[in-house]
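Since the structure comes first, as structure tokens, the remarks are kept for the end.
On a predicted model such as this, the values are computed, not experimentally measured, just so you know. Side chains included, hydrogens not; waters and symmetry mates left out as well; all remaining heavy atoms used. By convention in this document, chain letters (A, B, ...) are assigned in the order of the sequence lines, proteins followed by strands, and residues within each chain are numbered from 1.
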Amino acid sequence: MNETHSTLENILEQRKEKIAKIKEMGFEPFPYSYTVTHKSKVVLDNYDELEEKTVSVAGRLMNIRRMGKASFAHLQDAEGRIQLYISKNDIGEESYAMFKLLDIGDIIGVEGIVMKTRTGETTVKATSLTLLTKNIRPLPIVKEKDGVVYDAFTDKELRYRKRYLDLIVNPEVKDTFVKRATITRATRKFFDDRGYLEVETPILQALYGGANARPFVTHHNSLDQDLYLRIADELYLKRLIVGGFEKVYEFSRNFRNEGMDRSHNPEFTAIEFYEAYVDYFYMMDFVEEYFKTIAELMGSMIVEYRGEKIDFSKPFERKSMADLFDEYLKIDIAAFTEKDFADWCQKNKKEFDPKWNYGQFLDKLFDEYIEPKLIQPTFVIDYPKVISPLAKVDRKGDERFVERFELFICSSEYANAFSELNDPIDQRERLEGQDRLRVEGDDEAQAFDEDFIQAIETGMPPTGGVGIGFDRVIMLFTGQTSIKDVLLFPAMRSEKLS
RNA sequence: GGGUGCGUAGCUCAGUCGGUAGAGCAGCGGCCUUUUAAGCCAUUGGUCGAAGGUUCGAAUCCUUCCGCACUCACCA
């Protein structure tokens, strides 16, 4: 076949033919290993010591500038790019002929001498060239001059679907995920340093609980039983506190069968942690320290996000829901009844559902009128009991409120925590209440988990528990405004591949 | 789920009033031993997201569908 048409199909064919030619020439297009002595970045950073020395580098050919009997090319490895100078005289007739068959996207190893070109760019002057992997599917071609990128690979759909291409041609994407790993590592260290035990609990659960959300359902064949992908790991971590572990944490991949948008992906990562003998006040300090630690790690206590300057250096504000309602809406939530809320909504032209209960009114009005005001890190404390079935009643005595806080930054929720309910009688009643709601058709109400109740009946010490939306933390500290940009493979509708 | 926008070559994009599809890069064939968005010459490549409809004629207008983005709603 000698087609020269540049349809994708023909390009694939042409490159397969190149593989055959390369084999005929006696070269192996897919060898097993290669000894790399230097990463590109090391060569660039240590030019003075490496000048005139021989190094071996390996990576992907990102561009090639052929000039007859010699060529320049750029090689990209995990940490950067370095220029190669490849001349027929230096690598020999056969190798140069093989090099002529190479394409952008091929992976090669080069042994050569470190030098500078007359324009001053550090370059490896090849003394031998080894093909390590022949590419047959063309890469998007991205060019760059003086920091300006031309023909950037920008199609978001393609970038998310073919993340490997995105990572190859858009270096800043890789940076985000390197930062993500850095934060993950620091998070582990933060907990480990404080005596926490990292645990793993079931993702496949017979009952789902610990949050209000619709689950994904699957089926176990040999048990012949439906199982749910966890929406939270809370109830399992509490069982561990009952079991005598006093400080546990888990990076919990959770699955919620709900809408997707800029800040929601069907699977996401939460860090949940529980500590015996502490309450939510203790956990507020703990969470504040965590965020400050990460901010410091990332290099600045002032984080710019969505056009706001978030200041992590000051103590986080703490405001009760009652104070916030008073401050922004002049509503006295201690005195308001459901009817008062309905009247208020009518007066203020706020749409509402007459079926809303006290907690739902509070929740909806909070989301609409108060959340947007919470830019600097703010702990909102003391939530209505009806929307917090796992939290202990407020020790100050108002039965309608529980000891719960959420951390808001830049109008988004980052953490949710309780003085965990450990009164088994109260807990049973509240989960029975959730179950009634569920039976009545609220598919986000929590299922009744008898074994969890029995664990609480066995006795759970006073416990503080927190869940942190880890992906959002990553977004905040990497400046990303879409969760898709902090997930390597965000959920997408499946595409038809030929 | 609603609204808005987008979908044209492997990639990035043009395409006027409805008149039968263009560029750059990549590819293919040449020239070229310090280039770097390499250059020069030559050249190929299209189910215009899909299906219907209107029309003598549709990338263009209409309808439906698919995908994505943004946004609102829902959702911790």
Side-chain angles (χ1 to χ4, degrees), chain A residues 2-15 17-18 62-74 81-91 96 100 103-105 115-121 123 125 135-162 165 169 210-214 231-232 254 256-266 268 270 351 363-364 366-368 371 383 387-388 404 406-408 412-417 443-444 467-469 472 481-482 484 490 492-496:
Chain A
N2 250 331
E3 291 280 0
T4 55
H5 304 319
S6 61
T7 58
L8 178 57
E9 209 171 293
N10 278 318
I11 291 172
L12 295 174
E13 275 314 311
Q14 282 160 7
R15 293 196 183 179
E17 283 171 31
K18 286 179 176 181
M62 296 305 290
N63 62 51
I64 306 171
R65 297 179 291 284
R66 297 183 209 271
M67 304 168 299
K69 299 182 187 67
S71 304
F72 286 93
H74 271 96
R81 282 188 185 194
I82 190 162
Q83 180 167 258
L84 306 176
Y85 177 71
I86 296 157
S87 79
K88 199 176 195 170
N89 277 357
D90 296 325
I91 66 167
Y96 201 76
K100 279 185 160 176
D103 295 286
I104 290 169
M115 61 146 194
K116 275 207 160 105
T117 60
R118 67 180 178 199
T119 57
E121 181 167 352
T123 300
K125 186 181 180 195
N135 156 297
I136 63 170
R137 190 173 288 273
L139 252 41
I141 303 299
V142 178
K143 302 234 173 182
E144 183 251 314
K145 187 191 187 184
D146 300 332
V148 184
V149 177
Y150 298 84
D151 296 343
F153 180 54
T154 51
D155 184 313
K156 286 203 172 182
E157 179 177 0
L158 270 180
R159 286 184 45 219
Y160 294 142
R161 287 192 192 280
K162 303 209 177 293
L165 293 179
V169 304
N212 295 65
R214 299 206 302 265
I231 58 171
N254 294 336
R256 296 187 185 176
N257 204 341
E258 288 170 350
M260 296 161 60
D261 62 25
R262 210 172 41 199
S263 55
H264 295 85
N265 194 70
F268 66 99
E351 281 184 36
D363 214 28
K364 303 281 181 190
F366 182 85
D367 282 355
E368 181 163 345
E371 202 178 271
Y383 278 66
I387 56 170
S388 315
R404 172 180 182 182
E406 293 192 335
L407 173 63
F408 288 86
S412 285
E413 182 208 330
Y414 283 79
N416 180 24
D443 52 6
E444 286 172 1
I468 293 177
R472 290 184 184 178
T481 54
S482 169
K484 285 186 164 70
M492 304 281 278
R493 205 178 296 270
S494 37
E495 70 176 330
K496 293 184 189 96

Between the base of B:rU34 and the side chain of A:Arg118, is there a donor-acceptor distance below 3.5 Å? no
Shortest side-chain distance from A:Met492, nucleotide among B:rU35, B:rC68, B:rU71: B:rC68
Please pick, from B:rG46, B:rU34, B:rA69, the nucleotide with the shortest atom-to-atom distance to any side-chain atom of A:Thr7. B:rG46
May I have the distance from A:Tyr96 (atom OH) to B:rC32 (atom P), rounded to whole angstrom? 11 Å
Please give the distance between the P atoms of B:rU16 and B:rU60 as a whole number of Å. 11 Å
Please step through side-chain contact (heavy atoms from CB on, under 4.5 Å) for the pair A:His74 and A:Ile82, ending with a clear verdict. CA-CA 6 Å; A:His74 271 96; A:Ile82 190 162; 5.9 Å; no
Side-chain donor/acceptor pairs under 3.5 Å, residues 145-156 of chain A, sequence neighbours excluded:
residue  : atom : partner  : partner atom : Å
A:Asp155 : OD1  : A:Glu157 : N            : 3.0
A:Asp155 : OD1  : A:Leu158 : N            : 3.1

Touch check for A:Phe153, heavy atoms < 4.0 angstrom, all strands: base, sugar-phosphate only, or nothing? sugar-phosphate
In whole Å, I'd like the distance from the CG atom of A:Leu12 to the P atom of B:rC28. 12 Å
For the C1' atoms, the ones on B:rU34 and on B:rG49, what distance do you get once it is rounded to whole angstrom? 46 Å
Taking the side chain of A:Ser87 as heavy atoms from C-beta outward, which of B:rC75, B:rU12, B:rU33 is closest to it? B:rU33
Spacing between A:Arg161 atom CZ and B:rG49 atom P, to the nearest angstrom: 17 Å
Reading RNA chain B from 5' onward, which residue's closest nucleotide shows up sooner: A:Lys156 or A:Lys100? A:Lys100
With hydrogens left out and only the distance checked, is there a donor-acceptor pair under 3.5 Å joining A:Tyr150's side chain and the base of B:rU12? no
When the distance from CG of A:Leu84 to C1' of B:rU34 is rounded to whole Å, what number comes out? 14 Å
Closest to side chain of A:Arg493, choosing from B:rC74, B:rU35, B:rG67: B:rG67
Output one letter per nucleotide in nucleotides 22-27 of chain B: B when a protein non-hydrogen atom lies under 4.0 Å from the base, S when only the sugar-phosphate is that close, - when neither is. --BSBB
From the options B:rU12, B:rU71, B:rC32, select the nucleotide whose nearest atom is closest to the side chain of A:Met67. B:rC32
Classify the side chain of A:Asn10 versus the base of B:rC28 as yes if they form a donor-acceptor pair under 3.5 Å and no if they do not. no
Can you tell me the distance, in whole Å, between the CG atom of A:Asp261 and the P atom of B:rA73? 11 Å
With both distances under 3.5 Å as the test, what is the Watson-Crick or G-U wobble partner of B:rG7? B:rC66
Roughly how many Å is it from CE in A:Met115 to C1' in B:rU35, rounded to a whole number? 10 Å
Looking at B:rA14, which nucleotide sits across from it as a Watson-Crick or G-U wobble partner, both distances under 3.5 angstrom, or is there none? none
Taking only the side-chain heavy atoms of A:Thr154 (C-beta and beyond), determine which of B:rU35, B:rC13, B:rC74 contains the nearest atom. B:rC13
Sequence neighbours left out, what passes salt bridge (Lys or Arg N to Asp or Glu O under 4.0 Å) with A:Lys364? Give chain and number order. none
Of the nucleotides B:rG67, B:rC75, B:rC13, which has the atom closest to the A:Glu258 side chain? B:rC75
Nearest to side-chain heavy atoms of A:Glu121, which nucleotide of B:rA69, B:rU35, B:rC70: B:rU35
Starting at atom CD of A:Glu157, determine the distance to atom P of B:rG67, rounded to an integer number of angstrom. 10 Å
Pick the P atom in B:rA42 and in B:rC31, then give their distance to the nearest Å. 16 Å
